[in-house]
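As structure tokens, the structure follows; a few thoughts come after it.
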Protein chains: 2
Amino acid sequence: MAEPTRPDLAAMIVPLGRSLMAAEQPILAAHDLTMWEYVVLTALSTEPVRTQAALADAVGADKTRIIPVLDGLQRRGLLTREPDPADRRVRLLALTPQGRRLRDTTRTAIQRNEERVLRLLPAADRRVLLRALRTLADLPRDTFLPET
Amino acid sequence: MAEPTRPDLAAMIVPLGRSLMAAEQPILAAHDLTMWEYVVLTALSTEPVRTQAALADAVGADKTRIIPVLDGLQRRGLLTREPDPADRRVRLLALTPQGRRLRDTTRTAIQRNEERVLRLLPAADRRVLLRALRTLADLPRDTFLPET
DNA sequence: GCACATCGTAAGCACATGCATATCAATGAA
DNA sequence: TTCATTGATATGCATGTGCTTACGATGTGC
């Protein structure tokens with residue numbers, strides 16, 4: 001039984017994710033956003049989803065738990081919910097200009113902090129890392145599940 | 001305000017971590033281990049820690065919540081706890097041969113599955129990704145916190 | 001028209017987590 | 001010697017999460 005040559009991928013990524021989330025927290029607080037609020041603001045501009053349930057699925061949230069998040073964002077004028085004329089069950093979500101601005105300023109602050117950390121890596125490694133992460137992050141979730 | 005050229009690092013890493021944890025779950029179950037049990041088994045062979053509290057900190061666990069995990073592992077003969085003669089408050093932890101074997105077979109299965117996913121990346125990217133992740137994962141947690 | 005599915009919404013339950021508190025035993029410093 | 005600190009342990013509380021159930025409104029297919 002040979003010694004493994006690397007740590008588990010999960011063992012590196014999961015704690016790293018925790019550290020990054022912890023790092024985001026003060027930035028989000030300074031922008032008066034919770035994590036899920038920010039996730040929704042970000043997803044609404046990058047994911048072409050039609051239904052709230054699809055949005056929840058896309059961002060890994062629970063569709064029932066996301067309702068109060070959407071309520072809050074709507075109440076603050078950061079997003080709108082309009083019935084879809086093609087299917088009156090559906091509420092179409094859209095960012096307001098205010099929502100877009102808040103998303104952008106928050107994202108800028110978050111990414112600035114991330115760049116500070118990423119600069120600890122060589123530039124070429126940085127580019128590859130981001131490219132590879134993007135590829136992995138875009139994989140369907142069940143890609144990772146073990147085969148039976 | 002220019003469009004960002006990349007997703008947030010956290011926005012890629014955190015869901016990826018979730019997917020990897022979900023993928024691990026059936027493998028751990030097949031080896032009769034919980035996630036924290038496996039984390040402890042793995043950490044005991046790679047982290048030179050003396051106290052249980054230090055182990056908990058090293059693996060991002062709560063020192064009080066880790067006690068029942070250690071109890072269970074000890075009861076199953078996977079690890080031993082002996083008083084440290086140099087400081088009788090401390091319980092020195094060590095894997096048994098059985099614990100080492102279980103850790104190894106589990107890790108092999110987990111990494112085999114991870115390799116299957118990693119092979120979706122070009123080989124050179126794979127190497128850089130793992131190297132970069134290792135670097136980032138080894139950073140002290142407060143490296144990531146924003147500067148005041 | 002009817003049975004079934006879907007969407008949004010609310011709420012319940014079990015469990016995990018982060019943090020705090022408390023206790024006992026042991027250690028180290030003043 | 002006294003007191004503060006440390007290590008292990010147990011437990012409580014608040015919060016978050018995953019999943020489930022249920023409901024009303026709407027849509028689809030037969």
Side-chain angles (χ1 to χ4, degrees), chain A residues 14-15 17-19 21-26 28-29 33-40 43-44 47 49-75 79-94 141-142 145, chain B residues 14-15 17-19 21-26 28-29 33-40 44 47-75 79-94 141-142 145:
Chain A
V14 172
R18 285 203 196 103
S19 298
M21 276 200 292
E24 277 194 13
Q25 193 36 57
L28 292 174
L33 286 172
T34 67
M35 187 196 79
W36 284 116
E37 283 171 343
Y38 176 65
V39 167
V40 166
L44 277 181
E47 302 283 337
V49 291
R50 247 190 79 244
T51 67
Q52 288 177 195
L55 172 72
D57 189 59
V59 302
D62 181 295
K63 73 176 180 184
T64 66
R65 302 291 182 209
I66 213 173
I67 304 294
V69 177
L70 296 175
D71 289 344
L73 291 173
Q74 183 178 18
R75 189 174 51 245
L79 67 75
T80 57
R81 296 195 207 166
E82 307 294 344
D84 181 352
D87 180 348
R88 298 213 316 296
R89 295 172 301 183
V90 172
R91 311 285 268 317
L92 295 176
L93 305 172
R141 242 170 265 150
D142 55 12
L145 293 177
Chain B
V14 172
R18 284 200 198 107
S19 299
M21 275 199 291
E24 276 193 13
Q25 193 36 55
L28 293 175
L33 287 173
T34 67
M35 188 194 82
W36 285 117
E37 283 171 342
Y38 175 66
V39 167
V40 167
L44 278 182
E47 303 282 337
V49 291
R50 246 192 78 245
T51 67
Q52 290 178 192
L55 171 73
D57 189 63
V59 300
D62 184 293
K63 73 177 175 182
T64 65
R65 303 294 185 206
I66 213 173
I67 303 294
V69 176
L70 297 176
D71 289 346
L73 292 173
Q74 183 178 19
R75 191 172 51 242
L79 69 76
T80 57
R81 295 193 208 166
E82 307 293 343
D84 181 353
D87 179 348
R88 300 211 316 290
R89 295 171 302 184
V90 172
R91 312 288 266 324
L92 294 175
L93 305 171
R141 242 169 264 151
D142 56 12
L145 293 177

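Letters go in sequence order (proteins before strands), and every chain restarts at 1. Since the model is a prediction, treat every value here as computed from it, not as a measurement.
- E37(A) meets the salt bridge (Lys or Arg N to Asp or Glu O under 4.0 Å) test with R76(A); sequence neighbours excluded.
- Annotation: side-chain hydrogen bond (donor to acceptor under 3.5 Å, both in side chains) contacts of R89(A) (sequence neighbours excluded): D87(A).
- For D71(B), the side-chain hydrogen bond (donor to acceptor under 3.5 Å, both in side chains) partners two or more places apart in sequence, or in a different chain, are R81(B).
- For R88(B), there are no side-chain hydrogen bond (donor to acceptor under 3.5 Å, both in side chains) partners at least two apart in sequence or on another chain.
- Here the P atom of nucleotide dA8(D) and the CG atom of D57(B) are 12 Å apart, to the nearest Å.
- The residue R81(B) sits close only to the backbone: its heavy atoms come under 4.0 Å of sugar-phosphate atoms, none of a base.
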Quick test: give all pairs of protein nitrogen or oxygen and nucleotides 26-30 of chain D nitrogen or oxygen below 3.5 Å, distance rounded to 0.1 Å.
{"unit_1": "dT26(D)", "atom_1": "OP1", "unit_2": "R88(A)", "atom_2": "NH2", "d": "3.3"}
{"unit_1": "dT26(D)", "atom_1": "O2", "unit_2": "R89(A)", "atom_2": "NH1", "d": "3.4"}
{"unit_1": "dG27(D)", "atom_1": "OP1", "unit_2": "R88(A)", "atom_2": "N", "d": "2.9"}

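- Minimum atom distance to the side chain of W36(A) is reached by dT17(D), of the listed dT17(D), dC19(C), dC7(C).
- Closest to the K63(A) side chain, of the nucleotides dC19(C), dT9(C), dT17(D), is dT9(C).
- For A54(A), the side-chain contact (heavy atoms from CB on, under 4.5 Å) test picks out V49(A), T51(A), with sequence neighbours left out.
- With sequence neighbours left out, the side-chain contact (heavy atoms from CB on, under 4.5 Å) criterion links V40(B) to L44(B), L55(B), I66(B), V69(B), L70(B), L73(B), L79(B).
- Applying the side-chain contact (heavy atoms from CB on, under 4.5 Å) criterion to D62(A), with sequence neighbours excluded, gives T64(A), R65(A).
- Rounding to whole angstrom units, CD1 of residue I66(A) and C1' of dT9(C) are separated by 13 Å.
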Could you go over nucleotides 13-15 of chain D and give all protein N or O partners under 3.5 Å, atom names and distances?
{"unit_1": "dC13(D)", "atom_1": "N4", "unit_2": "R65(B)", "atom_2": "NH2", "d": "3.4"}

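- Of the candidates dA8(D), dT20(D), dG8(C), the closest approach to any side-chain atom of T64(A) belongs to dT20(D).
- Contact annotation: R18(B) does not reach the phosphate of dT17(D) (side-chain N/O to OP1 or OP2, under 4.0 Å).
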